[in-house]
Visitor: 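Okay, here's the structure, questions in a sec.
None of these values were measured; they are calculated from a predicted model.
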Amino acid sequence: RSGEMAKLAQLIDNDVFRAYATYATIVLLKMMLMSLITAYFRITRKAFVNPEDTASFGKGESAKKFLRTDPDVERVRRGHLNDLENIVPFLGIGLLYALSGPELSTALLHFRIFTGARVLHTFAYLIPLPQPGRGLSWAVGYAVTISMAYKVLKTGLFL
């Protein structure tokens, strides 16, 4: 049992793992922020999907007008969904990559570019910025995840 604790302590002392943990936390917090932004837009646009959410704005038929979709709410939701589609794979592949023994400078480059791309993607979605800004920021983040996956497959598996 004490051998397991020593291995965990070694992992925590690993600079690449700490870098991964730092940037994974940043993108997870960014993704969580999208939930709050969605709630903000739902409340300010008075656009809800559940009848119980309209209780503050009236009862019965008068509240039904708030059960609707809103283009601004839907835009934020699409940005949040895109985060789920891209940050979740980054978390898994990034962890495997961090454990595959990359150089710290290379790992930091991967983690920073991915994080920057996701933050840019969010701004491009919410402002909205003209294309190809959003598409390029998505592609850069996606390419970083593919690059890490390639490194994991190349160094860690018997292919």
Side-chain angles (χ1 to χ4, degrees), residues 11 14-57 64-157 159:
L11 183 61
N14 180 298
D15 287 341
V16 173
F17 180 77
R18 286 198 332 241
Y20 164 76
T22 299
Y23 289 96
T25 300
I26 291 168
V27 294
L28 284 170
L29 286 171
K30 190 213 79 58
M31 189 168 63
M32 290 172 63
L33 179 62
M34 294 300 284
S35 296
L36 296 175
I37 294 170
T38 302
Y40 169 80
F41 274 84
R42 283 203 181 283
I43 292 166
T44 59
R45 304 307 192 268
K46 295 181 176 72
F48 303 98
V49 292
N50 300 307
E52 64 271 15
D53 298 337
T54 65
S56 301
F57 302 102
K64 283 187 180 179
K65 67 182 176 187
F66 300 113
L67 292 174
R68 61 186 182 83
T69 60
D70 178 85
D72 294 331
V73 173
E74 292 308 307
R75 176 172 279 282
V76 176
R77 289 183 69 236
R78 287 191 304 272
H80 193 190
L81 179 60
N82 193 277
D83 273 353
L84 289 168
E85 294 168 348
N86 289 274
I87 291 173
V88 171
F90 167 81
L91 295 174
I93 291 170
L95 176 60
L96 295 173
Y97 173 75
L99 298 174
S100 73
E103 291 291 324
L104 177 60
S105 60
T106 306
L108 281 169
L109 188 64
H110 278 92
F111 301 152
R112 287 174 177 165
I113 290 173
F114 180 85
T115 301
R118 291 314 304 172
V119 169
L120 266 169
H121 184 270
T122 297
F123 282 117
Y125 231 124
L126 295 180
I127 289 176
L129 297 178
Q131 284 287 27
R134 190 179 81 238
L136 286 174
S137 61
W138 170 83
V140 167
Y142 201 82
V144 166
T145 304
I146 295 296
S147 173
M148 291 187 302
Y150 174 77
K151 166 79 163 120
V152 168
L153 291 173
K154 182 179 169 194
T155 61
L157 297 178
L159 295 178

Visitor: Is there a side-chain contact (heavy atoms from CB on, under 4.5 Å) between Leu81 and Glu85 once you walk through the steps?
Guide: CA-CA 6 Å; Leu81 179 60; Glu85 294 168 348; 3.7 Å; yes

Visitor: What are the two closest non-hydrogen atoms of Leu129 and Phe123, and how far apart are they?
Guide: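 Where Leu129 meets Phe123 most closely, the heavy atoms are CG-O, 4.3 Å.
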
Visitor: Within the 4.5 Å heavy-atom criterion, are Met34 and Ile37 side-chain neighbours or not?
Guide: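 Yes, close enough: below the 4.5 Å cut-off.
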
Visitor: What's the shortest heavy-atom distance between Leu108 and Ala19, and which atoms?
Guide: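 Minimum heavy-atom separation between Leu108 and Ala19: CD2-CB, 3.6 Å.
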
Visitor: Consider side-chain contact (heavy atoms from CB on, under 4.5 Å). Of Val119, Leu126, Leu120, which one does Thr122 pass it with?
Guide: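 Single pass found, and it is Leu126.
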
Visitor: Report, one line per pair, each donor and acceptor closer than 3.5 Å where one atom sits in a side chain of residues 46-56; sequence neighbours left out.
Guide:
residue	atom	partner	partner atom	Å
Asn50	ND2	Asp53	OD2	3.2
Thr54	OG1	Pro51	O	2.7

Visitor: Work out which heavy atom in Ile113 is nearest to a heavy atom in Val140; give both atom names and the distance.
Guide: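 Looks like CG2-CG1, 3.5 Å.
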
Visitor: Provide the closest heavy-atom pair for Val16 versus Leu104 in the form atom of the first, atom of the second, distance.
Guide: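 Taking every non-hydrogen atom into account, CG2-CA, 3.8 Å.
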
Visitor: Can you measure from OH (Tyr23) to CG (Leu28) and round to the nearest 0.5 angstrom?
Guide: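 Going from the OH atom of Tyr23 to the CG atom of Leu28 covers 14.5 Å.
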
Visitor: Please verify the inter-ring angle class for Phe111 with Phe90; under 30° counts as parallel, over 60° as perpendicular, anything in between as tilted.
Guide: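 Because their plane-to-plane angle is over 60°, the rings of Phe111 and Phe90 count as perpendicular.
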
Visitor: Taking the side chain as every heavy atom from C-beta outward, state whether Val76 and Asp72 have any atom pair closer than 4.5 Å.
Guide: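 They are not in side-chain contact.
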
Visitor: Kindly give the heavy-atom pair with the smallest separation between Arg134 and Ser137, and that separation in Å.
Guide: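 Minimum heavy-atom separation between Arg134 and Ser137: O-OG, 2.9 Å.
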
Visitor: Could you tell me whether the side chain of Lys30 reaches within less than 4.5 Å of the side chain of Ile87, counting heavy atoms only?
Guide: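 Side chain of Ile87 against side chain of Lys30, heavy atoms only: contact under 4.5 Å found.
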
Visitor: Would you call the rings of Tyr97 and His110 parallel, tilted or perpendicular, taking 30° and 60° as the class edges?
Guide: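 Plane angle between 30° and 60°, so tilted.
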
Visitor: Taking all non-hydrogen atoms of both residues into account, name the closest pair between Ser100 and Thr155 and its distance.
Guide: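 Closest approach of Ser100 to Thr155, heavy atoms only: CB-OG1, 3.8 Å.
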
Visitor: Give a yes or no on whether the backbone of Ala143 and the side-chain of Ser147 come within a donor-acceptor separation of less than 3.5 Å.
Guide: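 Checking the backbone N and O of Ala143 against the side chain of Ser147, no donor-acceptor pair under 3.5 Å is found.
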
Visitor: Kindly determine whether Arg75 and Tyr125 satisfy side chain to side chain donor-acceptor pair (under 3.5 Å), including the steps that lead there.
Guide: CA-CA 7 Å; Arg75 176 172 279 282; Tyr125 231 124; 5.7 Å; no

